[in-house]
**Q** 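The structure's right below; bear with me while I get my questions together.
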Amino acid sequence: VKEVGEVIADDDYIKATLVNIEHVKDDVFDEEKYVINIDLENKTENKIIVQARDVSIDGTMVDDMVFFSEEIAGGKNAKGKMEIQNYEGDLPTMDDNIEFILLIADDETFEDLSEHDVKVEF
């Protein structure tokens, strides 16, 4: 587990804190994944959707391996878990950084409300 504790977004819509990154290995099923734990606070009265786009690990794009879409009711908090898992081959090694765009969208209209460029160095 890599402890981060870094605020990665703070605007009129959301406050997001990247808590930590877990490297999870399951030897029984021969699987491994990264779990990026993000504390999310919806600052609006409306339901929002938080997603990640253009995700890369140490400069290697991993968008097709990412599972992350969090719905948060107005004025509520959520414990977001972005999972990065490769079902066809090895998972890239995360030594230097992870980069992504954190996208906030309206739940009803799917209109993009804001986006934040995130880069976390290790």
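The first residue in the sequence is number 1, and the count goes up from there.
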**Q** As an exercise, state the distance from CG of Asp63 to CZ of Arg53, rounded to the nearest 0.5 Å.
**A** 9.0 Å
**Q** Is the closest side-chain heavy-atom distance between Leu91 and Tyr34 below 4.5 Å?
**A** yes
**Q** Determine whether Val7 and Lys15 satisfy the following criterion, side-chain contact (heavy atoms from CB on, under 4.5 Å), listing intermediate values before the conclusion.
**A** CA-CA 7 Å; Val7 175; Lys15 181 173 182 183; 4.0 Å; yes
**Q** Is there a side-chain contact between Lys47 and Glu108 (heavy atoms, below 4.5 Å)?
**A** no
**Q** Spell out, as yes or no, whether a donor-acceptor pair under 3.5 Å connects the side chain of Asp58 to the backbone of Asp96.
**A** yes
**Q** Taking 4.0 angstrom as the limit, do Lys81 and Glu83 come out as a salt bridge?
**A** no
**Q** Using side-chain heavy atoms (C-beta onward) and a distance below 4.5 Å, is Glu32 in contact with Val24?
**A** no
**Q** Would the number of heavy atoms belonging to other residues, nucleotides or ligands and lying under 6.0 Å from CD of Glu3 be above 12?
**A** yes
**Q** For a quick test of reading the model, state the closest non-hydrogen atom pair linking Tyr87 to Gln85 and the distance between them.
**A** OH-OE1, 3.3 Å
**Q** Report yes or no: do Ile72 and Val19 belong to one cluster of Ile/Leu/Val/Met/Phe/Trp/Tyr joined by side chain heavy-atom distances under 4.5 Å?
**A** no
**Q** Tyr13: what forms a ring pair (Phe, Tyr, Trp, His ring centres under 6.0 Å) with it, not counting sequence neighbours?
**A** none
**Q** Give the cluster check for Leu103 versus Leu113: same hydrophobic cluster or not, with ILVMFWY residues linked at side-chain heavy-atom distances below 4.5 Å.
**A** no
**Q** Would you say Phe68 and Val50 make side-chain contact, with heavy atoms under 4.5 Å?
**A** yes
**Q** Following the transitive rule for hydrophobic clusters with a side-chain heavy-atom cut-off under 4.5 Å over Ile, Leu, Val, Met, Phe, Trp and Tyr, establish whether Val66 and Val4 coincide in one cluster.
**A** yes
**Q** Just wondering, do Pro92 and Val62 contact through their side chains at under 4.5 Å, heavy atoms?
**A** yes
**Q** Could Lys43 and Asp12 be called an ion pair, given the rule that one side-chain N must be under 4.0 Å from one carboxylate O?
**A** no
**Q** Between Met82 and Ala52, what is the shortest heavy-atom contact and its length?
**A** CE-CB, 3.7 Å
**Q** Report the distance from atom CE of Met61 to atom OG of Ser56, rounding to the nearest 0.5 Å.
**A** 6.0 Å
**Q** Do Ile8 and Val55 sit in one hydrophobic cluster, given that two such residues count as connected whenever their side-chain heavy atoms are within less than 4.5 Å of each other, even indirectly?
**A** yes
**Q** Heavy-atom count around Asp95 CG within 6.0 Å, excluding the residue itself: above 12?
**A** yes
**Q** Can you tell me if Asn42 uses its side chain to pair, donor with acceptor, with the backbone of Thr44 under 3.5 Å?
**A** yes
**Q** Determine, step by step, whether Val120 and Leu18 satisfy the side-chain contact (heavy atoms from CB on, under 4.5 Å) criterion, reporting the C-alpha distance in whole Å, the side-chain angles of both residues, the deciding distance to 0.1 Å, and the verdict.
**A** CA-CA 9 Å; Val120 177; Leu18 200 154; 3.9 Å; yes
**Q** Please list, chain by chain and in numerical order, all residues satisfying side chain to side chain donor-acceptor pair (under 3.5 Å) with Thr60, sequence neighbours excluded.
**A** none
**Q** Holding to side chain to side chain donor-acceptor pair (under 3.5 Å), I want the full list of residues that pass it with Ser69, two or more places apart in sequence or in another chain.
**A** Gln51
**Q** Can you check side chain to side chain donor-acceptor pair (under 3.5 Å) on Asp11 and His116, steps first, answer last?
**A** CA-CA 9 Å; Asp11 61 18; His116 299 268; 2.7 Å; yes
**Q** I need the Glu99 CD to Asp54 CG distance, nearest 0.5 Å.
**A** 10.0 Å
**Q** Answer yes or no: is there a side-chain heavy-atom contact under 4.5 Å between Leu40 and Glu70?
**A** yes
**Q** Check the pair Ile36, Ile98 against side-chain contact (heavy atoms from CB on, under 4.5 Å), reporting the backbone distance first and the verdict last.
**A** CA-CA 10 Å; Ile36 292 90; Ile98 181 168; 4.0 Å; yes
**Q** Quick one: closest heavy-atom pair of Asn97 and Gly59, and the distance?
**A** OD1-N, 4.2 Å
**Q** Looking only at heavy atoms, what is the nearest atom pair of Met94 and Phe122, with distance?
**A** CG-CE1, 3.4 Å
**Q** Kindly indicate, with the supporting measurements, whether the criterion side-chain contact (heavy atoms from CB on, under 4.5 Å) is fulfilled by Ile49 and Ile104.
**A** CA-CA 6 Å; Ile49 301 170; Ile104 293 83; over 6 Å; no
**Q** Which distance, rounded to the nearest 0.5 Å, do you find between the CG of Leu102 and the CD1 of Ile14?
**A** 6.0 Å
**Q** Is there a side-chain contact between Asp107 and Glu71, using heavy atoms and a 4.5 Å cut-off?
**A** yes
**Q** Would you please test Lys2 and Asn20 for side chain to side chain donor-acceptor pair (under 3.5 Å) and show each step?
**A** CA-CA 5 Å; Lys2 293 180 183 177; Asn20 60 35; over 6 Å; no
**Q** If you apply the rule side chain to side chain donor-acceptor pair (under 3.5 Å), what do you find for Asn37 with Glu22, and how did you get there?
**A** CA-CA 8 Å; Asn37 293 296; Glu22 299 176 62; 2.8 Å; yes
**Q** Looking at OG of Ser114 and CD1 of Ile48, how far apart are the two atoms once the value is rounded to the nearest 0.5 Å?
**A** 8.0 Å
